[in-house]
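Accompanying notes for the structure given below.
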There are 2 protein chains.
Amino acid sequence: MTDRPDLAAMIIPLSRALIDAELPVLREHGLSMWAYAVLLALDERPLRTQAALAESIGADKTRIIGFLDDLQRRGLIERTPDPTDRRVRLLSLTAEGRRVRDSAQAGIQSKEERLLARLPDEDRRGFLRALQALAALPPEEIADPR
Amino acid sequence: MTDRPDLAAMIIPLSRALIDAELPVLREHGLSMWAYAVLLALDERPLRTQAALAESIGADKTRIIGFLDDLQRRGLIERTPDPTDRRVRLLSLTAEGRRVRDSAQAGIQSKEERLLARLPDEDRRGFLRALQALAALPPEEIADPR
DNA sequence: TATTGTTATACTCTATAACTATA
DNA sequence: TATAGTTATAGAGTATAACAATA
């Protein structure tokens with residue numbers, strides 16, 4: 001047995017607190033958490049189906065439809081039928097979508113930086129490296145490591 | 001702007017994955033996430049009111065009642081009226097409660113250790129130190145740092 | 001017949017408000 | 001009147017199932 005609290009017992013409340021920290025920032029930009037996740041995912045690269053987009057942000061395909069409707073109505077994303085298969089929707093960020101995303105992210109990261117500033121330099125660097133490594137793992141490997 | 005993903009964009013999915021990892025372990029011990037959180041909180045020290053217990057684990061006082069009922073029925077906690085003020089309930093872990101808690105926690109932490117083993121030593125140490133520091137902060141300071 | 005996106009339905013989780021018993 | 005605990009109600013979030021369009 002270790003002498004530390006459970007990882008989950010530290011991360012779950014931290015996760016909740018970060019959500020509480022960031023929702024007001026997102027609201028200033030007219031975004032919900034899921035809408036912001038959509039903008040982040042599409043910024044990487046356009047996606048060919050809504051189901052793929054949903055999966056990439058850990059959501060159900062039925063859950064993001066309302067958010068896509070809204071983002072499209074506001075001109076932040078484009079959602080056009082694929083000419084080669086008219087069942088699927090091609091999804092991409094508009095210039096305005098990228099602008100909103102960048103400005104929301106700037107607000108969020110500046111708040112996060114203020115938080116990280118409380119940590120000693122070397123812990124902060126190790127923390128961020130470890131976090132990026134763990135976030136890059138497929139969820140199944142976290143659920144059942146080794 | 002930093003060159004990293006948002007903290008929240010890494011921590012929220014990690015948090016979800018850890019929950020998925022730990023629920024099966026808890027279920028083996030007949031515990032839900034909230035029931036386990038109750039056992040962990042009471043292990044630190046007995047508590048004088050249910051509302052204080054609820055707050056310490058980030059729950060609403062109305063939400064933990066069913067779990068307390070069940071834990072008491074199974075003899076894992078004691079819940080006795082305070083003789084000096086019969087409105088309040090004194091809460092504490094029984095020996096059996098501590099046994100179940102220890103065995104569940106052993107299962108959880110061994111799974112977590114397998115996950116942490118993927119990280120380089122110094123990153124892992126920095127990660128755990130940073131996490132403990134952040135988890136010790138009051139939620140308000142995370143929601144609005146500085 | 002199978003698949004993409006959508007809508008409709010049911011279920012779970014959580015928060016709010018009412019109730020009781022004590023003080 | 002106020003507080004601890006409880007119960008009841010309502011709301012949000014989520015998952016499952018049915019549906020329409022296209023392949």
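Order of the sequence lines fixes the chain letters, A, B, ..., with proteins taken first and strands second; residue numbering starts at 1 for each chain.
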Task: dT22(D) OP1/OP2 closer than 4.0 Å to side-chain N/O of R86(A) - done: yes
- [ ] Round to a whole Å and report the spacing from NZ of K61(B) to C1' of dT6(D).
- [x] 9 Å
Open item on the list: Tell me whether K111(A) contacts the main-chain N or O of I142(B) through its side chain, where contact means a donor paired with an acceptor under 3.5 Å.
Closed with: no
Task: Of R89(A) and D82(B), the one whose closest DNA chain C nucleotide lies more 5' - done: R89(A)
Open item on the list: With a cut-off of less than 4.0 Å, is there a side-chain N or O of W34(B) near OP1 or OP2 of dC13(C)?
Closed with: no
Task: 5'-most by nearest nucleotide on DNA chain D - A59(A) or R87(B) - done: R87(B)
- [ ] May I ask you to list the residues of residues 62-76 of chain B, by number, that have any heavy atom positioned under 4.0 Å from an atom of DNA chain D?
- [x] T62(B), I65(B)
- [ ] Please determine if a side-chain N or O atom of R79(B) lies less than 4.0 Å away from the OP1 or OP2 oxygen of dT6(D).
- [x] yes
- [ ] Send over the distance from E55(B) CD to dA4(D) C1', rounded to a whole Å.
- [x] 15 Å
- [ ] Would you kindly give the CG-to-P distance between D60(B) and dA17(C), to the nearest whole Å?
- [x] 12 Å
Open item on the list: Using five base pairs at each end to define the local axes, how bent is the helix from dT1(C)-dA23(D) to dA23(C)-dT1(D), to the nearest 10°?
Closed with: 20°
Open item on the list: Nearest whole Å is fine: how far is dC13(C) P from I57(B) CD1?
Closed with: 15 Å
Task: Length of the CG-C1' vector between L91(B) and dT6(D), whole Å - done: 14 Å
Open item on the list: Without decimals, in angstroms, what is the distance between L47(B) CG and dG5(D) P?
Closed with: 10 Å
Open item on the list: Treating E22(B) as the side-chain partner and E112(B) as the backbone partner, does any N or O pair qualify as donor plus acceptor under 3.5 Å?
Closed with: no
TODO: Report yes or no: does R63(B) contribute a side-chain atom to a donor-acceptor pair with the main-chain N or O of W34(B) at less than 3.5 Å?
DONE: no
Task: Distance in angstrom units between I77(A) CD1 and dG5(C) C1', rounded - done: 14 Å
Open item on the list: Closer than 4.0 angstrom, basic N to acidic O: yes or no for E122(A) and R125(A)?
Closed with: no
Open item on the list: Between R99(A) and D102(A) (salt bridge meaning N to carboxylate O under 4.0 Å), is one present in this structure?
Closed with: no
Task: Verify same cluster id: L115(A), I12(A) (apolar side-chain graph, 4.5 Å) - done: no
Open item on the list: Please check this pair: side chain of R114(B) against backbone of P145(A), looking for a donor-acceptor N/O pair closer than 3.5 Å.
Closed with: yes
- [ ] Give a yes or no on whether the backbone of G75(A) and the side-chain of T94(A) come within a donor-acceptor separation of less than 3.5 Å.
- [x] yes
Open item on the list: Using only atom types and a distance under 3.5 Å, with no angle test, would you say the side chain of K61(A) pairs donor to acceptor with the backbone of L53(A)?
Closed with: no
Open item on the list: How many whole angstroms separate atom CD of Q50(A) from atom C1' of dT22(D)?
Closed with: 15 Å
- [ ] Report which part of the nucleic acid D85(B) touches: base, sugar-phosphate, or nothing (heavy-atom distance under 4.0 Å, all strands).
- [x] sugar-phosphate
